Engineer: 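The structure is given below, and queries will be raised subsequently.
Since we're looking at a predicted model, the values are computed, not measured. No hydrogens, no waters, no symmetry mates; every other heavy atom, side chains included, goes into these values.
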Amino acid sequence: MSKFCLQCGAALNAGARFCGECGAPVSAASPKAKAASHPPAKKSNWLLIGGVAGAIALVIAYYFIFLHDDASSGLEDRVADQPVEAEAAVAKVYYAMLEANIRDKASTQGSTVLGKLPRGESASGKVILGEDGTSDWLELADGKGFVALVNLSEIQPPELSKMLDDKKWTANEALDVWAQPDPASTLIERVAAGTSITLVGLTANDYVEVKLPKGGVGYIAGGERIAKLASGKPIAIAFNANTCSFGPELDAMFATIGNRVRANYKVLENKEYPSEEARSKALASIEGRSTFQKLERNFEGLTVTAIAQHYESQSVYFAEPASRVIEVFRSKGLRIGRDGSIPSSDLFAAIGNAAGEGGRYGKSDLSCGV
């Protein structure tokens, strides 16, 4: 087969290395051979590139169809699961509604009382959960203890014009208990008739402050009326230290008790005994014994709880402490010393804390006798 020059197309002699017409070198491969060898190589490259691109497209499509939501959800979950630092608790100021205990732990169980927070005094700190997992406590800012939040308020308590010294009273009707001495404040609860209530004191606008069963205090309207009801029916006391007279009504009560004591003594005295020794023993058992009579009467806001006839003296008992009783009797013009003693020409008279058996009948007493 004749060969031709690729440059000028002239016929080439067999075995020629250069073209006789133009001098161009003669290639060892024929044009057909070159043309046949190049296209397959180009075609295989394009197939490879196309295959790779298709695979990448399939991977991308699969990700967005099946994996994207899960991956995003997992990322969101992981972000959500990251611990969020709690905001620093801001110290707040509270006021003691009643005298409150400062404890070494946020618990009433197994803790030690470190001191007292007086009524109306402020304290600052942060509120934390108590060790029982249910109660709230104020951790004092100075790091010196904990106070139960139930005894505190963000509002300073009102001044009390008259103390009632935790006098117990049974409600005679349903009553509203407010968070403050103001009907515009929050209604805490409504107590039913027959509920026992602890009275703390009276406010200037005629509310009575009461202790709540679960701690803290509340306020009931009509304080003066309630205080009088709690003290019982009024009774007059006109005390004379020189004669030990307590006034007509009480003197009559003492006379009744005295008559009863003498009658009992007479019965024992006239009784038949196996011996004189037995008789003396029986009479001695009632000699010197105090005879008590319970009362629930009101004297100037004080609750008269009992009277007693002793061997050589008489006493009137009160629900209030001696300091309060002294204050009331001084306001009535009675001269009373610092120690509670009352000047008398021949007899002993004084107001003091109830002691011995009398402590079961009242917190204090007014006594007079030999």
Side-chain angles (χ1 to χ4, degrees), residues 98-99 116 118-119 160-169 198-202 209 211 227-228 230-258 260-261 286-370:
L98 296 168
E99 185 177 71
K116 301 284 186 179
R119 173 191 171 89
L160 298 179
S161 59
K162 181 179 181 181
M163 300 303 296
L164 298 178
D165 304 302
D166 292 351
K167 183 180 295 182
K168 300 292 184 182
W169 176 63
T198 302
L199 310 179
V200 179
L202 299 177
E209 184 174 287
K211 287 186 176 180
K228 289 180 180 178
S231 300
K233 180 182 176 182
I235 189 171
I237 301 178
F239 182 66
N240 185 329
N242 295 317
T243 62
C244 282
S245 173
F246 291 83
E249 189 172 4
L250 282 175
D251 286 349
M253 292 182 185
F254 282 120
T256 300
I257 293 176
R260 187 167 64 247
V261 170
I286 65 169
E287 287 180 352
R289 179 190 294 179
S290 296
T291 303
F292 292 86
Q293 179 178 322
K294 288 185 177 181
L295 296 175
E296 189 172 345
R297 302 292 294 274
N298 169 31
F299 173 70
E300 301 294 329
L302 300 175
T303 301
V304 179
T305 54
I307 61 174
Q309 179 69 59
H310 309 297
Y311 180 58
E312 292 182 319
S313 65
Q314 299 167 325
S315 298
V316 177
Y317 293 87
F318 301 90
E320 293 74 22
S323 58
R324 174 64 180 152
V325 177
I326 290 172
E327 178 185 339
V328 170
F329 276 95
R330 277 179 176 163
S331 71
K332 304 299 291 183
L334 191 65
R335 291 174 55 203
I336 306 173
R338 285 188 175 183
D339 59 353
S341 62
I342 301 170
S344 175
S345 56
D346 298 312
L347 302 171
F348 165 79
I351 296 173
N353 294 322
E357 189 179 4
R360 293 160 46 190
Y361 293 89
K363 289 183 179 179
S364 60
D365 62 57
L366 166 58
S367 297
C368 185
V370 177

Engineer: Measure the CG-NZ distance between L302 and K167 for me, rounded to the nearest 0.5 Å.
Structural biologist: 7.0 Å
Engineer: State which residues pass side chain to side chain contact (heavy atoms under 4.5 Å, CB included) with A241; sequence neighbours excluded, sorted by chain then number.
Structural biologist: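 Side chain to side chain contact (heavy atoms under 4.5 Å, CB included) list for A241, sorted by chain: F239, I342, S344, A349.
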Engineer: So how far is it from L250 CG to I235 CD1, rounded to the nearest 0.5 Å?
Structural biologist: 4.0 Å
Engineer: Applying side chain to side chain contact (heavy atoms under 4.5 Å, CB included), can you list everything that pairs with S313, at least two apart in sequence or on another chain?
Structural biologist: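 S313: side chain to side chain contact (heavy atoms under 4.5 Å, CB included) contacts with H310.
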Engineer: For E209, what residues pass the side-chain hydrogen bond (donor to acceptor under 3.5 Å, both in side chains) criterion, not counting sequence neighbours?
Structural biologist: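 Scan of E209 (side-chain hydrogen bond (donor to acceptor under 3.5 Å, both in side chains), adjacent residues dropped) gives R119, Y219.
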Engineer: For residues 359-370, run the donor-acceptor check on the side chains, cut-off 3.5 Å, and write out each pair with its distance to 0.1 Å, sequence neighbours left out.
Structural biologist:
| unit_1 | atom_1 | unit_2 | atom_2 | d |
| --- | --- | --- | --- | --- |
| K363 | NZ | D165 | O | 3.4 |
| S364 | OG | E320 | O | 2.7 |
| D365 | OD1 | S367 | OG | 2.9 |
| S367 | OG | S315 | OG | 2.5 |

Engineer: Heavy atoms only: give me the nearest N353-A322 pair and the separation to one decimal.
Structural biologist: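 Heavy atoms of N353 and A322 come nearest at OD1-CB, 3.5 Å.
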Engineer: Only counting residues at least two apart or in another chain, list the ones meeting side chain to side chain contact (heavy atoms under 4.5 Å, CB included) with T198.
Structural biologist: D166, K168, K211
Engineer: Would you indicate whether the side-chain heavy atoms of V261 and Y311 approach each other to under 4.5 Å?
Structural biologist: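 Contact flag for Y311/V261 side chains = no.
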Engineer: Measure the shortest side-chain to side-chain distance between M253 and F246 over non-hydrogen atoms and say whether it is less than 4.5 angstrom.
Structural biologist: no
Engineer: Could you list the residues that satisfy side-chain hydrogen bond (donor to acceptor under 3.5 Å, both in side chains) with S345, not counting sequence neighbours?
Structural biologist: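 Result, side-chain hydrogen bond (donor to acceptor under 3.5 Å, both in side chains) vs S345: N242.
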Engineer: Over all heavy atoms of both residues, which pair between L199 and A230 is shortest? Give the atoms and the distance, please.
Structural biologist: CD1-CB, 3.6 Å
Engineer: Does any pair with a residue in residues 243-254 pass side chain to side chain donor-acceptor pair (under 3.5 Å), and if so which ones, sequence neighbours excluded?
Structural biologist: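 Qualifying pairs, neighbours excluded: S245-D251, E249-R297.
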Engineer: Inspect the contact between R324 and E327 and indicate whether a charged nitrogen and a carboxylate oxygen are less than 4.0 angstrom apart.
Structural biologist: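 Looking at E327 and R324, the cut-off is met.
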Engineer: By side-chain hydrogen bond (donor to acceptor under 3.5 Å, both in side chains), which residues pair with S341, not counting sequence neighbours?
Structural biologist: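 Scan of S341 (side-chain hydrogen bond (donor to acceptor under 3.5 Å, both in side chains), adjacent residues dropped) gives D339.
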Engineer: Using the test side-chain hydrogen bond (donor to acceptor under 3.5 Å, both in side chains), find all partners of K162 that sit at least two apart in sequence or belong to another chain.
Structural biologist: none
Engineer: Suppose we screen for salt bridge (Lys or Arg N to Asp or Glu O under 4.0 Å). Which residues come up paired with K332, at least two apart in sequence or across chains?
Structural biologist: E300
Engineer: Under the salt bridge (Lys or Arg N to Asp or Glu O under 4.0 Å) test, which residues partner E296, sequence neighbours left out?
Structural biologist: none
Engineer: Taking atom NZ as the centre, does K116 end up with more than 12 heavy-atom neighbours from other residues, nucleotides or ligands that are less than 6.0 angstrom away?
Structural biologist: yes
Engineer: Between CZ of F254 and CD of Q293, what distance do you get to the nearest 0.5 Å?
Structural biologist: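 Going from the CZ atom of F254 to the CD atom of Q293 covers 9.0 Å.
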Engineer: C244 and L347: which non-hydrogen atoms are nearest, and at how many Å?
Structural biologist: SG-CD1, 3.5 Å
Engineer: Give every residue pair that meets the disulfide (SG to SG under 2.5 Å) criterion with at least one member in residues 288-350, sequence neighbours excluded.
Structural biologist: none
Engineer: Work out which heavy atom in V304 is nearest to a heavy atom in F318; give both atom names and the distance.
Structural biologist: CG2-CE2, 3.8 Å
